[in-house]
Undergrad: 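Just dropping this structure here.
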Amino acid sequence: MKSGRYIGVMSGTSLDGIDVVLAAIDETMVAQQASLTFPIPLPLKEAILGICQGQQLTLSELGRLDTQLGKLFADAVLALMDREQLHPEDIVAIGCHGQTVWHEPTGIAPHTLQIGDNNHIAARTGVTVVGDFRRRDIALGGQGAPLVPAFHHALLAHPVERRMVLNIGGIANLSLLIPGQPVRGYDTGPGNMLMDAWIWRQKGKPYDKDAQWASEGKVVLPLLQNMLSDGYFATPAPKSTGREYFNYSWLERHLAHFPGLNACDVQATLAELTAVTISEQVLLSGGCERLLVCGGGCRNPLVMARLAGLLPGTEVTTTDEAGISGDDMEALAFAWLAWRTLAGLPGNLPSVTGASAASVLGAIYPANPRQNQS
Ligand SMILES: Nc1ncnc2c1ncn2[C@@H]1O[C@H](COP(=O)(O)OP(=O)(O)OP(=O)(O)O)[C@@H](O)[C@H]1O
Ligand SMILES: CC(=O)N[C@H]1[C@@H]2OC[C@@H](O2)[C@@H](O)[C@@H]1O[C@H](C)C(=O)O
C-alpha cells in the first residue's frame, strides 16, 4: 500500500514561508519525523500577493513565476533531505500543495490555480511528486477546498467526544468531527490575513507577534459589525474562500465608512473579527466539547483567549497538545494525501466539499535521477 517515508510541502495563503515535513505513513499511522520552514524571497512574495489581488500579468510572467516557485519548492525539499541525510530512494513521494494564486470555486467556470511546477521538483530531487490536488474535486462539482478535514478526521476524531479542528492560517477553516455524523468542514473567512495586511501597511511588520499591538487597542464595534455584514459569513456550507476575496482592498472598503480610526484599534478589531466569525460557526454547527487549533494563528494569544471567552464550555487547545504540531499540520496533510493518491484511495470528502463523488486526487510526476542543475 505504498507505505514508507513521505515529504509534504505547503505554501499557504499567509506566504510566511514554505513548510516542509517528513513523515512515515501507512494505513495505521502518520508519524512526523522532521520539519523545516524555508524562506520565500520578498520579491517572489510580492509578485504572488499581486496576482492574488487581481494584478494583471502576462503569460510569460506567469510561466516564470511557475518555474521559480517549482525550483524554490525543490530547494526547500533538498534542504530537509540534506539536513536529515536522506537519499531520493529513502522517500516514496513528495506531496506538494503548490501556491494558490486564484481560487474561484463557484460561477460559470469554477476553477482553482496552484502554481510551482512539480516537474522541477521531481527533476531536481529525484523523488516522485504528487501535486494538483484540488482540481479533480472542482471537476466533480466540489469546492476543491478545504481538503484537510479528511486528515483531521483520520488523526484526531474521537469515538464519543464532539471535536472540531480549526486551522488559523491566512484563511481559517474548521473541520467538524462529530461522532455518528459525516465529517463536515469549510472556510470560516479571514484567519490572520487581514491582521497581517494591516500591520504590514501601518508598521512594515509581517505580522503582529503575540498580538502585542492588537492588545494595546480596543475593538471598534461599528467597524466590526460592518465587516460582519459581509455575505460570505452567512453563506451556508460547502464554501471556501481566499485572498482574492478577503484582502487589503476588502478591508479598505470597510474602513472607508469610519475615517480617522486609531490604527491599533483597527488591529484589535481585526483580531476580534477572526475570533467572532470562527466562534459563531462553531456554535451554529452545534458546538463542541474540544476545539483543537492549528496554523500560525494558534500562536496568537489574543485570538486564542477570545475564542475561549466566546465558547464557554468548550476546551480550546492547540493540536500540539494532541501530539501534532500546529505549524506542520497542513504539510503533513499533503504528505498523507500523496500517500492516498499512490495507494489509489480517495482524498476528498463529498460531505465537506460538495463534490458529487469521492475521488483519487492529484497528478503524479514520476521521479528521474537527481540532477545537479540550477
Ligand atoms: N507568535 C505569533 N503571534 C501572532 N501571530 C502569529 C504568531 N506566529 C504565527 N502567527 C500568524 O500565523 C501566520 C502564519 O500562519 P500559517 O503558516 O498557518 O499560514 P498559511 O499556512 O500560510 O495559511 P493557510 O492555512 O491559509 O494556507 C503568520 O502570518 C501570523 O499571522
Ligand atoms: C484554495 C486554497 O488554497 N485554500 C486553502 C486556504 O488556506 C486555508 C483555507 O484556505 C483552506 O481552504 C485551504 O487550505 C487547506 C490546506 C485545505 O485545503 O484544507
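Both ligands and their constituent atoms are indexed starting at 1 by order of listing.
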Undergrad: Salt bridge or not between Glu161 and Arg290? Use side-chain N to carboxylate O under 4.0 Å.
TA: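 Looking at Arg290 together with Glu161, the answer is yes, because their closest N to O distance falls below 4.0 Å.
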Undergrad: Starting from Leu291, can I reach Val165 by hopping between I/L/V/M/F/W/Y residues whose side chains sit under 4.5 Å apart?
TA: no
Undergrad: Under 4.0 Å between a Lys/Arg side-chain N and an Asp/Glu carboxylate O for Arg306 and Glu272?
TA: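 Yes, Arg306 and Glu272 are salt-bridged.
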Undergrad: Is Asp320 salt-bridged to Arg299, cutoff N-O under 4.0 Å?
TA: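 Looking at Arg299 together with Asp320, the answer is yes, because their closest N to O distance falls below 4.0 Å.
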Undergrad: Identify the residue among Asp19, Asp16, Asp327 that makes a side chain to side chain donor-acceptor pair (under 3.5 Å) with Thr37.
TA: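 Single pass found, and it is Asp19.
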Undergrad: With a 6.0 Å cut-off on the ring centroids, do Tyr232 and Phe246 count as close?
TA: yes
Undergrad: Check Asp75 with Arg124, please: is the shortest side-chain N to carboxylate O separation under 4.0 Å?
TA: yes
Undergrad: Ignoring hydrogens and angles, tell me if any N or O in the side chain of Ser356 forms a donor-acceptor pair with the backbone of Leu140 under 3.5 Å.
TA: yes
Undergrad: Run the salt-bridge test on Asp265 and Lys218 with the 4.0 Å N-O cut-off and return the result as yes or no.
TA: yes
Undergrad: Below 4.0 Å from any atom of ligand 1, which residues have a heavy atom? Give them in chain and number order, please.
TA: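 Its neighbours under 4.0 Å (heavy atoms only) are Met10, Gly12, Thr13, Ser14, Leu15, Asp16, Asn167, Ile168, Gly169, Gly170, Ile171, Asn192, Asp196, Tyr207, Asp208, Lys209, Asp210, Gly295, Gly296, Gly297, Arg299, Asn300, Glu330, given by chain and number.
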Undergrad: Tabulating one pair per line, provide the atom names and distances (0.1 Å) for every N/O atom of ligand 2 that is less than 3.5 Å from a protein N/O atom.
TA:
{"residue": "ligand 2", "atom": "3 (O)", "partner": "Thr100", "partner atom": "OG1", "Å": "2.6"}
{"residue": "ligand 2", "atom": "3 (O)", "partner": "Arg134", "partner atom": "NH2", "Å": "3.4"}
{"residue": "ligand 2", "atom": "12 (O)", "partner": "Asp187", "partner atom": "OD1", "Å": "2.8"}
{"residue": "ligand 2", "atom": "12 (O)", "partner": "Asp187", "partner atom": "OD2", "Å": "3.0"}
{"residue": "ligand 2", "atom": "14 (O)", "partner": "Arg134", "partner atom": "NH2", "Å": "3.2"}
{"residue": "ligand 2", "atom": "18 (O)", "partner": "Arg134", "partner atom": "NH1", "Å": "2.8"}
{"residue": "ligand 2", "atom": "18 (O)", "partner": "Arg134", "partner atom": "NH2", "Å": "2.9"}
{"residue": "ligand 2", "atom": "18 (O)", "partner": "Leu147", "partner atom": "N", "Å": "2.8"}
{"residue": "ligand 2", "atom": "19 (O)", "partner": "Leu147", "partner atom": "N", "Å": "2.8"}
{"residue": "ligand 2", "atom": "19 (O)", "partner": "Val148", "partner atom": "N", "Å": "2.8"}

